[in-house]
Student: 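Take a look at the following structure, please.
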Amino acid sequence: MDATITEVTKQANDVAELSPESLMQLGLGFWASKTLLSAVELDLFTELAAGPLEGETLRNRLGLHERGAQDFFDALVALRMLEREGNVYCNTPVTDRYLDRNKSTYVGGMLARAGQLLYANWGSLTDALRTGKPQNGTQDGEDLFDMLFSDPDKVKMFAQAMTGGSLQVAEALARHFPWADYCTFIDIGTAEGRLPVEVGRAHPHLTGGGFDLPPMRPVFEAYVERHALADRLRFYPGDFLAEPLPSADVLVMGHILHDWNLEVKRALLVKAHSALPKQGVLIVYDQIIDDERRDNAAGLLMSLNMLVNTNGGFDYTRADGMGWMREAGFAEVRCEHLAGPHSMIVGIK
């Protein structure tokens, strides 16, 4: 009897120690997310990059109503996105480096796109899970990229988002791959050209550029020109779904494979293999999911993002990607971590 009482008491204590706090924080996490996205949309961090501002001055600069402004600023302080001394606000080192749009390290393009497009689309995740259809406003059979590339403003926004999403991984790839062994490289689906610029700046002997749909040319060329690399990096126009890929010692596909269904994924890898010279290299990077599908939450959430925003895209595990590479004909295949949730799969022809 005493043992039974002891066990019941222990179970009651265990239940009492459980807390719903983690559930509530995760379930209401969009509160914090939207607070940051609104700050980016308002260019708050760019405004503070010039120097600290008193709260009322900052409110007026941003054109905010007096109701809620102080709570908004102080919420960003509590979220460690701003610092405050008295009633004077300033950026943190991280927000100053990465969310001032006047700096080359700006990643706010991705967050701006998240605030303006992805946030609303994710509100229909349940519908996407029930129907398997994207929730991005496209009609049945209409492709997201056809919609994006039909409008110059959307092209520019998309390019800036891709730049924001690739900064950290571009820096890591420039450091970790043995570029000294190669002379030419082309980034497939390059958008604004963040990766070619980062690799080109780090390795002056390299030439190459970026391949993308023709509407991306002016955006790419302007970005490369701003970084004084137009003499070594050029734009290669084309549609990788309909045309062969250009040839170089190294081809890179970053955040490309996950946009497409399995048939297209395999076809793109075969095209890359055909375009490469003997001993040429294909680098594929994404937020590759761990083989046990337990740890890389970012990769799994990105795959849900593909569900919400594309007709057939999904992210994949390390084993999946390496297997597809081998099926495409690559003789040597390896997978290496790059930065954060990103890894790269390297295939040698």
Side-chain angles (χ1 to χ4, degrees), residues 109 143-146 148-150 152 154-167 169-170 173-174 177 179 182-203 206-227 229-260 264-277 280-286 310 313 321 324-325 328-330 344-349:
D143 184 75
L144 169 66
F145 297 99
D146 290 340
L148 288 174
F149 281 80
S150 66
K154 288 181 179 177
V155 169
K156 184 176 180 181
M157 180 183 179
F158 177 75
Q160 291 174 345
M162 296 305 98
T163 292
S166 64
L167 172 61
V169 70
L173 186 53
F177 184 75
W179 293 104
Y182 304 94
C183 296
T184 60
F185 76 108
I186 296 174
D187 182 31
I188 307 300
T190 193
E192 201 169 27
R194 179 76 213 199
L195 184 127
V197 164
E198 199 64 38
V199 172
R201 288 198 304 185
H203 304 278
L206 289 172
T207 60
F211 176 92
D212 215 319
L213 293 168
M216 196 63 75
R217 180 193 287 271
V219 179
F220 175 91
E221 292 182 343
Y223 187 80
V224 169
E225 184 66 36
R226 287 202 303 274
H227 290 86
L229 288 170
D231 59 328
R232 292 195 286 124
L233 301 178
R234 55 165 284 206
F235 185 78
Y236 295 79
D239 179 352
F240 57 53
L241 296 181
E243 304 168 27
L245 298 180
S247 183
D249 297 337
V250 180
L251 298 180
V252 182
M253 288 185 183
H255 300 149
I256 296 297
L257 283 194
H258 75 163
D259 289 332
W260 307 99
V264 176
K265 282 175 168 65
R266 285 175 163 151
L268 288 175
L269 293 175
V270 169
K271 282 190 177 187
H273 185 270
S274 298
L276 288 166
V281 177
L282 173 64
I283 301 171
V284 170
Y285 69 80
D286 272 310
T310 71
W324 301 331
M325 285 270 230
F330 288 91
M344 65 176 175
I345 300 176
V346 179
I348 301 175
K349 183 171 177 177

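Keep in mind the model is a prediction, meaning the values are calculated, not measured.
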Student: Let's go through Asp187 and Phe211 carefully: what are the C-alpha distance in whole Å and the side-chain angles of both, what is the deciding distance for side-chain contact (heavy atoms from CB on, under 4.5 Å) to 0.1 Å, and is it a yes or a no?
Tutor: CA-CA 6 Å; Asp187 182 31; Phe211 176 92; over 6 Å; no

Student: Between OG1 of Thr190 and CG of Leu213, what distance do you get to the nearest 0.5 Å?
Tutor: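 Thr190 OG1 to Leu213 CG: 12.0 Å, rounded to 0.5 Å.
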
Student: Taking all non-hydrogen atoms of both residues, which atom of Ile283 and which atom of Val250 are closest, and how far apart?
Tutor: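 Smallest heavy-atom distance, with atoms named: CD1-CG1, 3.9 Å.
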
Student: Apply side-chain contact (heavy atoms from CB on, under 4.5 Å) to residues Asp212 and Phe240 and explain how you reach the verdict.
Tutor: CA-CA 8 Å; Asp212 215 319; Phe240 57 53; 5.9 Å; no

Student: Say whether, by atom type as modelled, one donor and one acceptor occur between the side chain of Lys271 and the main chain of Glu243 under 3.5 angstrom.
Tutor: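 A pair under 3.5 Å: yes.
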
Student: With rounding to the nearest 0.5 Å, note down the distance linking CE in Met253 to CG in Leu269.
Tutor: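 Going from CE on Met253 over to CG on Leu269, the span is 6.0 Å.
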
Student: Does the pair Tyr285 and Leu195 meet the rule for a side-chain contact (heavy atoms from CB on, under 4.5 Å), with working shown?
Tutor: CA-CA 12 Å; Tyr285 69 80; Leu195 184 127; 3.6 Å; yes

Student: Rounded to the nearest 0.5 Å, what's the gap from CG on Asp286 to CD1 on Ile256? Could you check?
Tutor: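 The CD1 atom of Ile256 is 8.5 Å from CG of Asp286, to the nearest 0.5 Å.
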
Student: Just so I know, are the side chains of Leu282 and Val346 near enough to count as touching, which here means a heavy-atom distance under 4.5 Å?
Tutor: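 No, too far: nothing below the 4.5 Å cut-off.
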
Student: Using 0.5 Å steps for rounding, measure from the NZ atom of Lys349 to the CZ atom of Phe330.
Tutor: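 That separation rounds to 8.0 Å.
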
Student: Does some side-chain heavy atom of Leu241 sit less than 4.5 Å from a side-chain heavy atom of Trp260?
Tutor: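 Yes, their side chains come closer than 4.5 Å.
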
Student: Does Ser247 reach the main-chain N or O of Ala275 with its side chain, forming a donor-acceptor pair under 3.5 Å?
Tutor: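 Yes.
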
Student: Could I get the full list of side chain to side chain donor-acceptor pair (under 3.5 Å) partners for Arg226, not counting sequence neighbours?
Tutor: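 Partners of Arg226 by the side chain to side chain donor-acceptor pair (under 3.5 Å) criterion come out as none, since no residue qualifies.
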
Student: Any idea which heavy atoms bring Val224 and Ala230 closest together, and the distance?
Tutor: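 Answer, listing the atom of Val224 first, then Ala230: CG1-N, 3.5 Å.
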
Student: Looking at every non-hydrogen atom in both residues, tell me the closest pair between Ala202 and Ala174 and how far apart they are.
Tutor: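 Closest approach of Ala202 to Ala174: CB-CB, 4.1 Å.
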
Student: Tell me every residue that passes side chain to side chain donor-acceptor pair (under 3.5 Å) with Glu198, counting only those two or more places apart in sequence or in another chain.
Tutor: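 Partners of Glu198 under the side chain to side chain donor-acceptor pair (under 3.5 Å) test: Arg194, Arg201.
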
Student: Between OG1 of Thr207 and CG of Leu233, what distance do you get to the nearest 0.5 Å?
Tutor: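 Rounded to the nearest 0.5 Å, the OG1-CG separation comes to 8.5 Å.
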
Student: Between Trp179 and His203, what is the ring plane arrangement, given parallel below 30°, perpendicular above 60°, and tilted in between?
Tutor: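 Aromatic pair Trp179/His203 classed tilted.
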
Student: Looking at residues at least two apart in the chain, or sitting in another chain, which of them share a side chain to side chain donor-acceptor pair (under 3.5 Å) with His255?
Tutor: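 Counting only residues at least two positions away or on another chain, His255 forms a side chain to side chain donor-acceptor pair (under 3.5 Å) with His342.
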
Student: Residues two or more places apart in sequence or in another chain: which of them pass side-chain contact (heavy atoms from CB on, under 4.5 Å) with Ala248?
Tutor: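 Here the qualifying residues are Thr184, Ile186, Leu251.
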
Student: When Tyr223 is tested against each of His227, Glu221, Glu225 for side-chain contact (heavy atoms from CB on, under 4.5 Å), which residue passes?
Tutor: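 The single option meeting the side-chain contact (heavy atoms from CB on, under 4.5 Å) with Tyr223 is His227.
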
Student: Ignoring hydrogens, what is the shortest heavy-atom contact between Phe220 and Pro196? Give both atom names and the distance.
Tutor: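 Minimum heavy-atom contact is CE1-CG, 4.4 Å.
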
Student: Does anything in residues 230-240 form a side-chain hydrogen bond (donor to acceptor under 3.5 Å, both in side chains)? List the pairs, not counting sequence neighbours.
Tutor: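 Listed by first then second residue: nothing to list.
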
Student: Could you list the residues that satisfy side-chain contact (heavy atoms from CB on, under 4.5 Å) with Pro237, not counting sequence neighbours?
Tutor: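 Result, side-chain contact (heavy atoms from CB on, under 4.5 Å) vs Pro237: Pro214, Arg217, Phe235.
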
Student: Go through the steps for Val252 and Leu173 under the test side-chain contact (heavy atoms from CB on, under 4.5 Å), then give the verdict.
Tutor: CA-CA 10 Å; Val252 182; Leu173 186 53; 4.3 Å; yes

Student: Measuring from Ile188:CD1 to Leu257:CG, what's the distance to the nearest 0.5 Å?
Tutor: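 Answer for the CD1-CG pair, Ile188 versus Leu257, is 11.5 Å.
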
Student: Ignoring hydrogens and angles, tell me if any N or O in the side chain of Asp249 forms a donor-acceptor pair with the backbone of Cys183 under 3.5 Å.
Tutor: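 Yes; at least one donor-acceptor contact below 3.5 Å.
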
